[in-house]
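Please read all numbers here as calculations on a predicted model, not as lab measurements.
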Amino acid sequence: EILSFLPFGWAWFEVVYNKREDGKIGWKKWAIRAQETLLEWKFDDEGGIQAMMQQALPDFRIVEIPIEKSMLFRTKIEKNNPLGRSVLRIAYRAWWFKKRIEELEGIGIERDLAGIPVLQVAKDGTDLWNSNDSVAVTQKTEFEKVLRNIRRDQHEGALLPWWIDLKLLTTGGRRQFDIGATINRLDQYIARATMMDFMLLGGQQVGSWALASSKTEFAALAVGTYLDIIAETINRYGIPKLMELNGIDKKLYPKLVHGEIESRDLGVLGEYVSKLFASGVLTPDEELEKFLRHSGGLPTKQST
């Protein structure tokens, strides 16, 4: 739920405490206050965030949630904007075009398969454009409905008077634009904007290992940045308040850290370590062995 701050730009959590059996104060839960329930923000005279005003189901009662008992996760804190910035915002324009091009593609395919319906009125038939003739106006509306609803499926067919001629016109050729290539280009832009373009590698049987490695490194860097934001918020606002409630000395405050995002390439690591050993720059010791065992997923060394 904390990661919901990525698409929304922010995520607000109300911290709820409880008293443990040993008499200490602990966290009961971090309750997310859904982004859709935000009514407005409350600021002080200096522009500091004071509270989130929430209005939610079932009674739509307005509730003030003070910042003192909350944690606010944001993708960025520029100008102390409580809304942050959605990581999807930079990809929105490409997504907007992609969605509409796909809709037009579907309409175009349907029209190419079914043909473009054309309705022609005989010379001695009703003048459908005579707005003073109520019958003609009614018939024109009905015929327009027929044109819009024509499909090449189990319901195809139209019952028309003798003075109406219905034809289906087809394009008889290919479009000047490659719709598939345009959609793929927009997909690539969206993936690059969100640092996830490594997921597209191999889809078109292109892309070297070195390219894949560099792209996954950028993705790992982005993920690591998001985890740093989460850890920093908890270390700055969550843990100190809990420690204060329990009377813990500041020197003993714990700190939340995240682990590695990417697993190390053991071939590259092994070659690097081997060269250091050969040159005499590196010598084996207990900590180095622990590190290498951990990197390779090997069991820890048993003490004798």
Side-chain angles (χ1 to χ4, degrees), residues 1-20 23-96 99 190 193-196 219 221-250 252-259 261:
E1 291 183 328
I2 293 177
L3 291 176
S4 65
F5 83 128
L6 296 179
F8 285 96
W10 64 281
W12 185 286
F13 286 80
E14 185 176 358
V15 181
V16 182
Y17 300 94
N18 67 348
K19 192 170 184 179
R20 306 190 319 192
K24 296 291 185 180
I25 303 298
W27 284 317
K28 182 178 181 180
K29 60 181 178 179
W30 298 349
I32 187 170
R33 299 307 177 216
Q35 290 86 347
E36 298 88 348
T37 64
L38 170 66
L39 179 63
E40 61 181 5
W41 299 104
K42 189 174 181 180
F43 300 92
D44 59 23
D45 295 336
E46 286 80 30
I49 304 169
Q50 293 299 296
M52 170 188 174
M53 307 301 292
Q54 183 190 43
Q55 189 174 31
L57 291 170
D59 55 4
F60 292 100
R61 182 170 55 91
I62 298 176
V63 178
E64 179 178 331
I65 308 172
I67 190 68
E68 289 79 11
K69 56 179 301 188
S70 306
M71 283 191 292
L72 175 59
F73 297 89
R74 291 174 285 179
T75 54
K76 60 187 304 183
I77 56 175
E78 184 179 357
K79 300 178 182 178
N80 200 29
N81 184 356
L83 294 176
R85 180 183 173 91
S86 171
V87 299
L88 303 179
R89 183 179 294 184
I90 193 173
Y92 174 78
R93 185 173 183 271
W95 170 84
W96 189 91
K99 180 180 179 182
I190 293 171
T194 54
M195 296 290 186
M196 294 293 125
L221 181 63
V223 173
T225 301
Y226 301 144
L227 294 179
D228 287 339
I229 293 173
I230 294 172
E232 181 183 1
T233 302
I234 296 173
N235 288 327
R236 186 174 180 182
Y237 300 107
I239 293 177
K241 291 180 182 178
L242 181 64
M243 297 298 103
E244 289 175 8
L245 290 174
N246 287 282
I248 305 297
D249 191 304
K250 287 186 177 182
L252 301 177
Y253 283 10
K255 185 178 181 181
L256 179 67
V257 296
H258 64 80
I261 309 302

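- Among all heavy-atom pairs drawn from Leu88 and Pro7, the shortest one is CD1-CB, 4.0 Å.
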Name the atoms and distances for all side-chain donor-acceptor pairs under 3.5 Å in residues 25-34, with sequence neighbours left out.
from	atom 1	to	atom 2	distance (Å)
Arg33	NE	Glu14	OE1	2.9
Arg33	NH2	Glu14	OE1	2.8

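- You'll find the side chain of Phe43 reaches within 4.5 Å of the side chain of Pro82, heavy atoms only.
- Residues Ala51 and Pro66 approach most closely at CB-CA, 3.9 Å, considering heavy atoms.
- At least one side-chain heavy atom of Phe13 sits under 4.5 Å from a side-chain heavy atom of Glu1.
- Across all their heavy atoms, Phe60 and Gln55 have their closest contact at O-NE2, 3.0 Å.
- In this structure, the side chain of Asp44 engages the main chain of Glu46 through a donor-acceptor pair within 3.5 Å.
- Listed by chain and residue number, Met53 satisfy the side chain to side chain contact (heavy atoms under 4.5 Å, CB included) test with Glu40 (two or more places apart in sequence, or in another chain).
- Judged by distance alone, the side chains of Arg20 and Asn246 never bring a donor and an acceptor atom under 3.5 Å apart.
- The heavy-atom pair separating Met71 from Gly238 by the smallest distance is SD-CA, 3.5 Å.
- Residues Glu68 and Gln50 have side chains in contact (heavy-atom distance under 4.5 Å, counting atoms from C-beta outward).
- Separation of atoms CD1 (Ile67) and CE (Met52) is listed at 10.5 Å; rounding is to 0.5 Å.
- At least one side-chain heavy atom of Gln35 sits less than 4.5 Å from a side-chain heavy atom of Ser4.
- Every residue meeting the side chain to side chain contact (heavy atoms under 4.5 Å, CB included) condition with Leu83, not counting sequence neighbours, appears here in chain and number order: Trp10, Leu38, Trp41, Asn81.
- In this structure, the side chain to side chain contact (heavy atoms under 4.5 Å, CB included) partners of Asp249, at least two apart in sequence or on a different chain, are Lys251, Leu252.
- The shortest side-chain heavy-atom distance between Thr37 and Trp12 does not fall under the 4.5 Å cut-off.
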Side chains of residues 225-232: which donor-acceptor partners sit under 3.5 Å, not counting sequence neighbours?
from	atom 1	to	atom 2	distance (Å)
Thr225	OG1	Leu221	O	2.8
Asp228	OD1	His258	NE2	2.7

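- Contact detail for Gly84 and Thr75: the closest heavy-atom pair is C-OG1, 4.1 Å.
- Looking only at side-chain heavy atoms (C-beta outward), Phe8 and Arg85 stay at 4.5 Å or farther from each other.
- Residue Arg93 places its CZ atom among 12 or fewer non-hydrogen atoms of other residues, nucleotides or ligands, all under 6.0 Å distant.
- Counting heavy-atom neighbours within 6.0 Å of Leu256 CG, excluding the residue itself, gives a total above 12.
- Phe5 pairs by the ring pair (Phe, Tyr, Trp, His ring centres under 6.0 Å) definition with nothing, not counting sequence neighbours.
- We find the CD1-CD1 distance between Ile190 and Ile90 to be 11.5 Å, quoted to the nearest 0.5 Å.
- Across all their heavy atoms, Pro240 and Ile234 have their closest contact at CD-O, 4.0 Å.
- Side-chain contact between Met243 and Lys250 is absent, with no heavy atoms from C-beta onward closer than 4.5 Å.
- Around atom NZ of Lys241, more than 12 heavy atoms belonging to other residues, nucleotides or ligands sit under 6.0 Å away.
- Considering only heavy atoms from C-beta on, Leu242 comes within 4.5 Å of Tyr17 through its side chain.
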